[in-house]
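Order of appearance sets the numbers: ligands from 1, and atoms from 1 within every ligand.
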Amino acid sequence: MAMRPFIIGNWKMNGTRAMLGEARAIDRAAQRLMKVEVAIAPPFTLIHAVHREVEQIGVGAQDCHTGTDGAFTGDVSASMVADAGAKFVILGHSERREGHGESDALIRQKADDALEAGLRLVLCCGESEKVRDSGKAEKFVLDQLRASLPPLEDGADAVAEQIAVAYEPIWAIGTGKTASIADIEEIHAAIRGLLVETYGDEAGSEIRILYGGSVKAENAAEILAAEHVGGALVGGASLSAESFLGIVIAASDIETN
Ligand code: PEP
């Protein structure tokens, strides 16, 4: 089964109910762009409202806490975001790893709990500029993933539905810099190798590997056409329907990798 390109908007700590109109506009357009799987991850406070407003696009959370409930002031569990309408959760974003000290082991625990709650996973990885300059980006990214990929045992199509990996070099996030196509292809090929090793040939070849880091309408076509790129995780450019849809349209115009 060839998977559709997957374009996810990560709204981060942006958005009040005034932004629901953007979600509606994205949803309406996505109904005409069925070659692409489109989703947004609003802040926790908007998950339920966005879920109620949209028909076509997926709605997800940007993170979740481990466990299901308990004395964790300010935290929200996977089962709680699923109850609010989320169908997937982004885990291991560098802003969680760096800003909240999240380890690979914690991300792996969250992955297990999210799967238990019936959520699909978008597992992020990516190196800092220092690691890239030291020539160790590939090893760094593979080590992150090896330590956080959960076991998935339900058959190839189901595995590919349950997880996507997002490669996001930290130095490219929100900076306007993007990795070169050659660098993206090199890391994505290495991730593909690890996914095949972990989940077997069929599932490992189907799982979508998204690129993230300053993707916008102007550079999306070239990035999305690169080998082993199965979509994009988009921050800043997902905050308006107009800029986000430019990326979705670019994805709709390319062949699936
Ligand atoms: C992100 O934070 O996932 C991201 C890719 O952000 P931006 O598109 O703004 O670089």
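Under the 4.0 Å criterion applied to side-chain N and carboxylate O atoms, Lys130 and Asp133 are not assigned as salt-bridge partners.
Residue nearest to atom 3 (O) of ligand 1, selected from Glu168, Lys177, Glu95, Lys12: Glu168 (by heavy-atom distance). Residue nearest to atom 10 (O) of ligand 1, selected from Gly174, Gly176, Gly235: Gly174 (by heavy-atom distance).
Contact annotation: the side chain of Asp104 approaches that of Arg97 to within less than 4.5 Å [non-hydrogen atoms, C-beta and beyond]. Residues Glu227 and Arg192 have side chains not in contact (no heavy-atom distance under 4.5 Å, counting atoms from C-beta outward). Using a 4.5 Å heavy-atom cutoff, the side chains of Asp183 and Arg132 are in contact. Contact check for Arg17 versus Leu46: side-chain heavy atoms found under the 4.5 Å cut-off.
Ligand 1 lies nowhere less than 4.0 angstrom from a heavy atom belonging to Lys216. Note on ligand 1: Ala172 sits in its first shell, one or more heavy atoms being nearer than 4.0 Å.
Using a 3.5 Å distance cut-off with no hydrogens or angles, the side chains of His93 and Glu168 do pair a donor with an acceptor.
Ligand 1 places these atoms under 4.0 Å from at least one heavy atom of Leu233: 3 (O), 5 (C). The Gly213 neighbourhood of ligand 1 comprises atoms 5 (C), 10 (O), with distances under 4.0 Å to a heavy atom of that residue.
Annotation: atom 1 (C) of ligand 1 to nearest protein heavy atom, His93 NE2, 3.2 Å.
Ligand 1 has an N or O atom lying under 3.5 Å from an N or O atom of Gly236, backbone or side chain.
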